[in-house]
Protein chains: 2
Amino acid sequence: MTGEDVGRRRKGRPRGFEPTAALDAAMRLFWAEGFEAASIDQLSRATRMPRASLYQEYGGKAGLFLASVAHYAETRIAPVAAALGPSGALGNDLSAFFQAVIALATGDAATPGCLISCVLADSAGTNAVFRAELDQRFAALEARITARLVAEPWPAAAPDRAALAAMLAAVARGIMLRARSGAAPKALAPVADAAVASVLCLRAA
Amino acid sequence: MTGEDVGRRRKGRPRGFEPTAALDAAMRLFWAEGFEAASIDQLSRATRMPRASLYQEYGGKAGLFLASVAHYAETRIAPVAAALGPSGALGNDLSAFFQAVIALATGDAATPGCLISCVLADSAGTNAVFRAELDQRFAALEARITARLVAEPWPAAAPDRAALAAMLAAVARGIMLRARSGAAPKALAPVADAAVASVLCLRAA
DNA sequence: ATATTTTCAGAACGATTGTTCTTTAACTTG
DNA sequence: CAAGTTAAAGAACAATCGTTCTGAAAATAT
């Protein structure tokens, strides 16, 4: 009942590409170019996957894109969300979170902004599957922020925790968008600081 | 020195399309589909412009897209920015602004979100012209919000006015993105309310 | 060894892409 | 009316799109 003999080699010809590296390369290409602009030819070249294998593994361009988004969420977004803690004071945790957001969105000049907020959002306009995926990814981050906020004491007059979390998520996405336009980390840090300050003000009120 | 005889008919065969209506149709198609996914065929059909006229007037797809973005800024974003006033208390003006943002992003189910934040942002990944356009449009809104904020008294400890404006712009864009994922106006209103409340808290501190 | 299985490399597919060109239609001007 | 001018309609363009298919290559199993 082990399912697969992971240590044992498969029977046929071994694949000439490394699956995780291939997915990361596809992710970066989609991130840079957008879903429509990234062609199968480019993807096949960047991932070093033969086209046949690409269709075998992911069923097509849309499947590879969704897999890239999942890979992005696991390897890029999860660490950012992890910065929320709780591992210290609320202000510190939120600052660390936004710092990670800015680093993600500006870290590589070839991939400015966010794959989800800047690329998936575009294709979500008419594609129902992509729209559902976008909705789920957005909701997941908001839930994570909410979880951090409810671990905190709030005055009775403060806005709903979920609303505050959604606002913070909106700021994070606005920062990602601003990075897509070429904004530097130093220009984005004050935006994050203002958001943190305003939330701390509400908690102290 | 009048430039053009506006009342007088042009010399050759009259155009069979209405330029402003055509631009609005192109804008809506780009808004719904994205830049890459909207084809010249679709655009020509939606605008009722013959392809030859489309190339004559706008030089190509990119030119039509940039013209659509300008038309969008004038007809859709300008009224939203106008809601900022100043025409009343800060909280009222900001609420009116966000209400207009939500209405714009959710008003037509065929065009969820924002042409600039959800569509132009995608193509800005690799196209330098589009990226510069995005940067300029973002900066313009932030300047407009800053202008509203500086007309207000603030405590000395409050964040920089420009930073606050950029944060509010980020929230607005985050709301647009959330609308792209299918969020209803009722789900977005609390996000706006939280942003307004947090800024008012800072001013009262 | 042969058989079997899996992948690779690339040709091939029809469809569609953005763009240009050609011909015809519909006007104003002289 | 004829001449001149502008736009419409759509054919034509090479290029590229996403996808499928074919035959050879490289491994294990018997």
Side-chain angles (χ1 to χ4, degrees), chain A residues 2-23 25-26 29-30 32-69 119 122-123 126-127 129-130, chain B residues 3-23 25-26 29-30 32-68 119 122-123 126-127 129-130:
Chain A
T2 56
E4 290 178 8
D5 300 324
V6 282
R8 190 84 141 286
R9 272 249 221 159
R10 302 252 293 284
K11 208 195 292 189
R13 175 175 178 168
R15 37 171 56 130
F17 62 94
E18 215 283 295
T20 305
L23 201 49
L29 190 63
F30 280 129
E33 304 267 350
F35 172 70
E36 293 281 353
S39 73
I40 295 279
D41 247 22
Q42 288 177 291
L43 288 164
S44 173
R45 219 173 307 126
T47 60
R48 312 177 95 86
M49 291 176 88
R51 298 146 84 101
S53 304
L54 194 155
Y55 279 84
Q56 171 76 17
E57 296 279 325
Y58 299 103
K61 191 183 184 183
L64 178 57
F65 180 57
L66 289 173
S68 298
V69 168
V119 173
D122 177 278
S123 359
T126 46
N127 185 316
V129 174
F130 290 175
Chain B
E4 291 178 8
D5 301 324
V6 283
R8 191 86 138 284
R9 267 251 224 157
R10 299 254 291 286
K11 210 193 290 189
R13 174 174 178 169
R15 36 172 56 132
F17 63 94
E18 216 283 295
T20 304
L23 201 49
L29 190 62
F30 280 128
E33 304 267 350
F35 172 71
E36 294 282 352
S39 73
I40 295 280
D41 247 22
Q42 287 177 292
L43 287 164
S44 173
R45 219 174 307 125
T47 61
R48 312 177 94 86
M49 292 176 89
R51 298 146 85 100
S53 304
L54 194 154
Y55 278 85
Q56 172 77 16
E57 296 276 327
Y58 299 103
K61 192 183 182 183
L64 178 58
F65 181 56
L66 290 173
S68 297
V119 173
D122 177 278
S123 0
T126 46
N127 184 317
V129 174
F130 290 174

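Quick note on labels: first sequence line is chain A, next is B, and so on, each numbered from 1.
Computed from coordinates, the A:Arg45 CZ to C:dC8 P distance equals 17 Å when rounded to whole Å. Across the protein-nucleic acid pair, B:Phe17 atom CZ and C:dA25 atom P stand 20 Å apart, rounded to whole Å. Taking atom CD of residue A:Glu18 and atom P of nucleotide C:dT7, one finds them 14 Å apart after rounding to whole Å. Whole-Å rounding puts the A:Glu57 CD to C:dC8 C1' distance at 13 Å. As rounded to whole Å, 19 Å separates atom P of D:dG10 from atom CD of B:Gln56.
With sequence neighbours left out, A:Glu36 forms a side chain to side chain contact (heavy atoms under 4.5 Å, CB included) with B:Glu36, B:Ala37. In this structure, the side chain to side chain contact (heavy atoms under 4.5 Å, CB included) partners of B:Leu23, at least two apart in sequence or on a different chain, are B:Tyr58, B:Leu64, B:Ala67, B:Ser68, B:His71. Here A:Ser123 pairs with A:Phe35, A:Phe65, A:Phe130 under the side chain to side chain contact (heavy atoms under 4.5 Å, CB included) rule; sequence neighbours left out. Residues that satisfy the side-chain hydrogen bond (donor to acceptor under 3.5 Å, both in side chains) test with A:Glu57, not counting sequence neighbours, are A:Arg15. Listed by chain and number, the residues in a side chain to side chain contact (heavy atoms under 4.5 Å, CB included) with A:Gln56 amount to none (sequence neighbours excluded). Scored by the salt bridge (Lys or Arg N to Asp or Glu O under 4.0 Å) test, B:Arg51 finds B:Asp41 as partners (sequence neighbours excluded).
The shortest side-chain heavy-atom distance between B:Leu29 and B:Thr47 does not fall under the 4.5 Å cut-off.
Expressed to the nearest 0.5 Å, how far CZ of B:Arg48 lies from CG of B:Leu54 amounts to 14.5 Å.
Residues A:Val129 and A:Leu66 share a closest heavy-atom pair of CG1-CD1, 4.0 Å. Across every non-hydrogen atom of A:Gly60 and A:Tyr55, the tightest pair is CA-CE2, 3.6 Å.
Closest to the side chain of A:Lys11, from the set C:dT4, D:dA7, D:dT20, is C:dT4. For B:Tyr55, the listed nucleotide lying nearest its side chain is C:dG18; candidates were D:dA7, C:dG18, D:dA26.
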Contacts under 3.5 Å, N or O only, protein and nucleotides 22-25 of chain D:
from	atom 1	to	atom 2	distance (Å)
D:dA25	N3	A:Arg13	NH1	3.4

Short N/O separations, protein against nucleotides 12-17 of chain D, under 3.5 angstrom:
none

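Looking only at distances, a side-chain donor or acceptor of B:Lys61 sits under 3.5 Å from a matching main-chain atom of B:Ala38. Under the 3.5 Å distance criterion, the side-chain polar atoms of B:Glu33 are left unmatched by any main-chain donor or acceptor of B:Phe30.
Rounded to 10 degrees, the angle separating the terminal helix axes of the helix from C:dT19-D:dA12 to C:dG30-D:dC1, each built from five base pairs, is 0°. Comparing the local axis fitted to the first five base pairs of the helix from C:dA1-D:dT30 to C:dT17-D:dA14 with the one fitted to its last five gives a bend of 20°, rounded to 10°.
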